[in-house]
2 protein chains.
Amino acid sequence: MKEFLRTKGFKMTPQRELIFRSFFELGRHVSVDELYDKVRLQDNTVGYSTVWRNLKLICRVGLAEVVNIGDGITRYDRVTNIPHGHLYCLKCKELIEFNVEQIVGMLAHKTSDYNFTPENFKIEIQGYCENCRESEVEVVEETKSDA
Amino acid sequence: MKEFLRTKGFKMTPQRELIFRSFFELGRHVSVDELYDKVRLQDNTVGYSTVWRNLKLICRVGLAEVVNIGDGITRYDRVTNIPHGHLYCLKCKELIEFNVEQIVGMLAHKTSDYNFTPENFKIEIQGYCENCRESEVEVVEETKSDA
DNA sequence: TTGAAAATGATAATCGTTTTCATTTAGCGT
DNA sequence: ACGCTAAATGAAAACGATTATCATTTTCAA
């Protein structure tokens, strides 16, 4: 991991190591607060902004992505390469994971073990529309120049 | 509409009528600010909180639902009964609508006119998980007692 | 018409996110 | 090993969207 980060122009620090490790231990649907709490159990000197920044960093290097269920709290989810979605239970507030095949099935057959109506779907796809697909380059926020 | 609201225990006011009408004229992916701006063009005495409250009300009575694309701004979307999702263009920031058949096709074939990889999918489904599906009643925030 | 409940509008509080900045630290070149 | 420079840290403040408060006004049923 240290090498991985170095090739992208980032340093390794004790805090960073702890934060990264804690994030991957938590694994899924991690909010800044959750991660902060976990990190503080091991080192109660780590600042909130450090946790927040490193969570963003984890995303920036492609190891996690944002999950937004619409409750105002940004969560971060390990990237698995297996496309998946979430069922957000309106009662127990759990996030349940589905892989893409399950989702296709549910969408196609409009039925599943879970209780939702078609109106409950919130599907957000990020990418490039037909007009923009040729010129993706402009979106890059920060360019880390390396080989 | 006035009757519709009355049966649910809400009154009709000039502001409310203007706000509702403006929302449905805007139609899709409406933020509070956008609606506020449109409303103020016709009546510059309407307060921001009134617009906000009425937008929530539109949701509460089931005429709209929240759309969250993760940019920190809550948008509201007319309920159409036709389940749909959105492609959020990372470049031009447009929200493009898809119906469920299109989504199924895209998910199943992992290809479309739009440029995204499977990792770009953010699918959020709200409903009830297996444990909670029997007892949906508890979720209701406000109960308007009517026939 | 009138009284009770609801709605309004201005403002302030809240809360999650992001920035700032002075200080510390990592790690490359020597 | 040492010093230097860029990066990282932590505390605190700034920010921005959302939500609550409250005195006043308005709706509408009796």
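Residue numbering restarts at 1 for every chain, and letters A, B, ... go by the order of the sequence lines. All values below come from the heavy atoms of this structure, side chains included, with hydrogens, waters and symmetry mates left out. Predicted model only: the values in this text are computed from it and were never measured.
Of the possible donor and acceptor atoms, one in the side chain of Glu34(A) sits under 3.5 Å from a partner among the backbone N and O of Ser31(A).
Summary for the helix from dT1(C)-dA30(D) to dT30(C)-dA1(D): the axes at its two ends, each from 5 pairs, differ by 30° when rounded to the nearest 10 degrees.
Going from atom CG of Asn44(A) over to atom P of dG10(D) covers 11 Å, rounded to whole Å. One can place CG of Asp71(B) at 10 Å from P of dT18(D), the figure rounded to the nearest angstrom. Taking atom CZ of residue Arg40(B) and atom C1' of nucleotide dA10(C), one finds them 11 Å apart after rounding to whole Å. When the P atom of dT9(D) is taken as reference, atom CG of Leu55(A) falls 13 Å away, rounded to whole Å. In this structure, Glu3(A) places its CD atom 10 Å from P of dG27(C), rounding to the nearest Å.
Applying the ring-ring contact (aromatic ring centres under 6.0 Å, His included) rule to pairs touching residues 37-64 of chain A yields Tyr36(A)-Tyr48(A), sequence neighbours excluded.
Residue Leu41(B) holds its CG atom at 9.5 Å from CG of Asn44(B), rounded to the nearest 0.5 Å. Distance check, rounded to the nearest 0.5 Å: CG of Leu55(A) to OG1 of Thr50(A) gives 12.0 Å. Here Tyr76(B) contributes atom OH and Lys56(B) contributes atom NZ; the two are 5.0 Å apart, rounded to the nearest 0.5 Å. With values rounded to the nearest 0.5 angstrom, Arg53(A) atom CZ is found 10.5 Å from Arg60(A) atom CZ.
For the residue pair Asp43(A)/Thr45(A), the side-chain donor-acceptor check at 3.5 Å is satisfied.
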What string of B, S and - do you get for nucleotides 23-30 of chain D 5' to 3' if you count protein non-hydrogen atoms under 4.0 Å? ----BSS-

Readout for nucleotides 12-19 of chain C: B = base within 4.0 Å of protein heavy atom, S = sugar-phosphate only, - = neither; 5' to 3' it is ----SBBB

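One hydrophobic cluster holds both Val66(A) and Leu35(A) under the rule that ILVMFWY side chains link at heavy-atom gaps under 4.5 Å. Residues Phe4(B) and Ile58(B) share a hydrophobic cluster, clusters being chains of Ile/Leu/Val/Met/Phe/Trp/Tyr side chains in contact below 4.5 Å.
Counting heavy atoms from C-beta outward, Leu57(B) and Arg16(B) have side chains that approach closer than 4.5 Å. Side-chain contact between Arg6(A) and Met12(A): absent, with no pair of heavy atoms (C-beta onward) separated by less than 4.5 Å.
Contacts of residues 16-23 of chain A with DNA chain C (heavy atom under 4.0 Å): none.
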With a cut-off of 3.5 Å and sequence neighbours excluded, list every side-chain donor-acceptor pair involving residues 18-26 of chain A.
| residue | atom | partner | partner atom | Å |
| --- | --- | --- | --- | --- |
| Ser22(A) | OG | Leu18(A) | O | 2.8 |
| Glu25(A) | OE1 | Lys38(A) | NZ | 3.3 |

Quick one, Val51(B) with Val46(B), criterion side-chain contact (heavy atoms from CB on, under 4.5 Å). Give me CA distance, side-chain angles, the key distance, then yes/no. CA-CA 7 Å; Val51(B) 173; Val46(B) 179; 3.9 Å; yes

